[in-house]
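Remember, predicted model here, so these are calculated numbers, not experimental data. The basis for the numbers below is simple: all heavy atoms, side chains too, and nothing from hydrogens, waters or symmetry mates.
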Amino acid sequence: MSQSIAANPDRLLPADPGTRSIARALLERVQDLPIISPHGHVDAAVIEQNTPFPDPAALLVSPDHYVTRLIHANGISLDNLRAGGATTPESREIWRTFVEAWPLFEGTASGYWLRTQFDSVFKLGADLGEMSADASYDAIAAKLIEPGFRPRQLFKDFNIEVLATTDDPLDNLASHKAIAEDPTFNGRVLPTFRPDAYLNIAHPTWSANVDRLIESAGDGASGYAGYITALENRRRYFVEHGAVSADHGVLTPATLKLDGAEAERLFEFARAGKATAEDRDTFEAHMMYQMGRMSVEDGLVMTIHPGSSRNHHTATFNEFGADTGHDIPFAVNYTEAIRPLLQDFGTAKDFHLVLFTMDETVYSRELAPLAGFYPSVYLGAPWWFLDAPDAMLRFRSAVTETTGFSRSSGFIDDTRAFCSIPARHDASRRIEASFLARLVAEHRVTEDRAHELIVDLVDASPRRVFKL
């Protein structure tokens, strides 16, 4: 068996030998820096309880919509890819299906991340395509039961310094508290306030969520006033438990400032089940403005990631639920949509607003100019479908001439897959090295300055933007 290409030290670096040499030196400068992960979806309880990872299929295939969507697109039913946790013949059969489909992932970001994990985390020693499905399954399964292959040890081995989770506003954050108080654990696991299901009237459990929110945190107030009070109180609770940001997954980046009476009217219409689609959009835009106001007051960094048509295939959603591979990007308009919020808070002291997109056309047209003027605005890293080598290079090319390097958030891995974190951050560092190496080779940036810039991009930027 030949060595996996994931072991090649020059992966993702420029093909030109001279530029590659510059990139190697830049990569070496940051390769061993700690991982700062200010946005992701790993469950804090996994870290707190040091829970063993499940079998190979349940860990690497079934929950990863990047993986299952592409296999599904090539004619395999999701029924054949989504099983439970125990190491069973069913799980092994899922793995066999995945290995048979492995050639489909050539050239994809998912293929790159997985190949890197197989080499550097699971130590397969060969490319997956050159091993039998059973041999690779057994090798990974054996790794998963090793005492040193538990989340806390891997947290240390991966050199993670900060890991942020994504949490419901009414979560008691018990796992975060336990981790923070554990003297044997040296990293930081921070909660993130994610109120989508409490702001979006169209969410199927919105009304029930609001009832629970007001009852638990409304300080005895009712209606819209109790709702706003409860959100403010829960945000403060998150701040007290180490949170640095509030994350918002919205359909569009619309913001709108309503007067109190109109906001209360729409709120009561929604509670009575009378809100129209237009009412729902208006109220959510108003609440995004309110989230900005609250961030100015309580200091939480505000991150917005719009532009995904969720659950595009109704039949698949009805059978398998959300996050199953059929969330599809669409074009967004940032300039006018975000303006009401920026009119009032764009220059507010210490307000940090990180804007993400899945619509590449807005990078140079809208986001870079916004971040190039407003002190509050930072460019979110390429996200979701854009979290890929060529797309990350396009991002740097699109925004740097307008904003330079100081206005970006640092890399965001946005992952639920704990074992993919080092692979994703390594890929980002290689891309930053490649981009900077080209500027050095073209005599647009000095090599000394490039070494300073890459440290800033990898380490100082996420600390600065997320107030770490």
Side-chain angles (χ1 to χ4, degrees), residues 1-8 11 42-43 45-47 49-72 74-160 320 324-325 415-424 426-427:
M1 292 186 293
S2 61
Q3 188 180 49
S4 170
I5 57 175
N8 191 307
R11 59 193 182 278
V42 173
D43 184 357
V46 171
I47 308 295
Q49 299 165 17
N50 209 23
T51 310
F53 294 106
D55 64 83
L59 175 64
L60 297 167
V61 180
S62 295
D64 192 337
H65 58 78
Y66 285 99
V67 172
T68 58
R69 70 188 307 275
L70 188 57
I71 301 176
H72 177 269
N74 282 273
I76 304 298
S77 170
L78 291 180
D79 280 322
N80 298 326
L81 299 169
R82 298 178 61 79
T87 306
T88 65
E90 184 181 23
S91 174
R92 189 178 289 273
E93 193 57 41
I94 291 171
W95 187 260
R96 289 170 180 159
T97 301
F98 165 63
V99 173
E100 185 176 349
W102 179 241
L104 302 175
F105 292 91
E106 294 293 0
T108 68
S110 298
Y112 178 84
W113 298 329
L114 286 165
R115 186 173 265 132
T116 303
Q117 289 178 74
F118 294 148
D119 178 78
S120 63
V121 177
F122 297 105
K123 312 296 184 185
L124 290 189
D127 191 87
L128 187 68
E130 298 184 14
M131 304 178 69
S132 73
D134 285 346
S136 58
Y137 185 98
D138 290 340
I140 294 172
K143 197 77 176 172
L144 294 178
I145 62 175
E146 292 179 5
F149 208 84
R150 294 288 185 92
R152 288 191 171 213
Q153 183 60 45
L154 290 179
F155 197 103
K156 180 179 179 181
D157 292 346
F158 292 166
N159 198 20
I160 299 173
F320 299 104
T324 48
T415 187
R416 291 171 172 80
F418 185 74
C419 291
S420 77
I421 291 174
R424 292 175 187 239
D426 177 73

Checklist outcome for this item: Taken in chain and number order and not counting sequence neighbours, the residues that satisfy side chain to side chain donor-acceptor pair (under 3.5 Å) with Glu146 are none
Next on the checklist: Please give me the minimum heavy-atom distance between Ile47 and Pro151, naming the atom from each residue.
Outcome noted: CD1-CB, 4.1 Å
Checklist entry - Hey, does Pro52 have a side-chain heavy atom less than 4.5 Å from the side chain of Ile145? => result no
Item to check | Validation row: Ile76, Glu100 side chains within 4.5 angstrom (heavy atoms) | outcome: no
Item to check | Within 6.0 Å of CD in Gln49, more than 12 heavy atoms from elsewhere | outcome: yes
Item to check | Validation row: Leu70, Ser110 side chains within 4.5 angstrom (heavy atoms) | outcome: no
Checklist entry - Arg92 pairs by side-chain hydrogen bond (donor to acceptor under 3.5 Å, both in side chains) with which of Asp55, Asp138, Thr97? => result Asp138
Checklist entry - Can you check side-chain contact (heavy atoms from CB on, under 4.5 Å) on Arg115 and Trp102, steps first, answer last? => result CA-CA 10 Å; Arg115 186 173 265 132; Trp102 179 241; 3.7 Å; yes
Checklist entry - What distance do Tyr137 atom OH and Ile94 atom CD1 have between them, rounded to the nearest 0.5 Å? => result 8.5 Å
Checklist outcome for this item: Rounded to the nearest 0.5 Å, the CZ atom of Phe98 sits from the CG atom of Leu114 at a distance of 5.0 Å
Checklist entry - Heavy-atom distance under 4.5 Å between the side chains of Phe320 and Leu81, does that happen here? => result no
Next on the checklist: Using side-chain contact (heavy atoms from CB on, under 4.5 Å), reason through Asn50 and Phe155 one step at a time and then give a plain yes or no.
Outcome noted: CA-CA 10 Å; Asn50 209 23; Phe155 197 103; over 6 Å; no
Checklist entry - Please walk me through it: do His72 and Thr324 pass side-chain contact (heavy atoms from CB on, under 4.5 Å)? => result CA-CA 10 Å; His72 177 269; Thr324 48; over 6 Å; no
Checklist entry - If every non-hydrogen atom of Ser4 is compared with every non-hydrogen atom of Ala126, which pair is closest and at what distance? => result CB-C, 3.9 Å
Next on the checklist: If I take atom NZ from residue Lys143 and atom CG from residue Leu124, how far apart are they, to the nearest 0.5 angstrom?
Outcome noted: 9.5 Å
Item to check | Side-chain H-bond candidate by donor/acceptor type, Tyr66 with Thr108, under 3.5 Å | outcome: no
Next on the checklist: side-chain contact (heavy atoms from CB on, under 4.5 Å) for Val99 and Ser136? Distances and angles first, verdict last.
Outcome noted: CA-CA 9 Å; Val99 173; Ser136 58; 4.1 Å; yes
Item to check | pair Phe149-Phe122: side-chain heavy atoms closer than 4.5 Å | outcome: yes
Checklist outcome for this item: What one should report as the nearest heavy-atom pair of Gln117 and Ala423 is CG-CB, 4.3 Å
Checklist entry - Is there a side-chain contact between Phe418 and Asp43, using heavy atoms and a 4.5 Å cut-off? => result no
Item to check | Minimum-distance pair of heavy atoms, taken over all atoms of Leu104 and Ile71 | outcome: CD1-CA, 4.4 Å
Checklist entry - Within the distance-only criterion (no hydrogens, no angle test), does the side chain of Arg150 pair as donor or acceptor with the backbone N or O of Thr51 below 3.5 angstrom? => result no
Checklist outcome for this item: Between Leu59 and Pro54 the two heavy atoms that sit nearest each other are N-CG, 4.0 Å
Item to check | salt bridge (Lys or Arg N to Asp or Glu O under 4.0 Å) assessment of Asp134 paired with Arg96 | outcome: CA-CA 7 Å; Asp134 285 346; Arg96 289 170 180 159; 3.0 Å; yes
Item to check | For the student: nearest non-hydrogen atoms of Asp426 and Tyr112, plus distance | outcome: OD2-OH, 3.8 Å
Checklist entry - Does any non-hydrogen side-chain atom of Ile140 lie less than 4.5 Å from one of Phe118? => result yes
Next on the checklist: Could you work out, with side chain to side chain donor-acceptor pair (under 3.5 Å) as the rule, every residue matching Ser420, not counting sequence neighbours?
Outcome noted: Thr415, Arg424
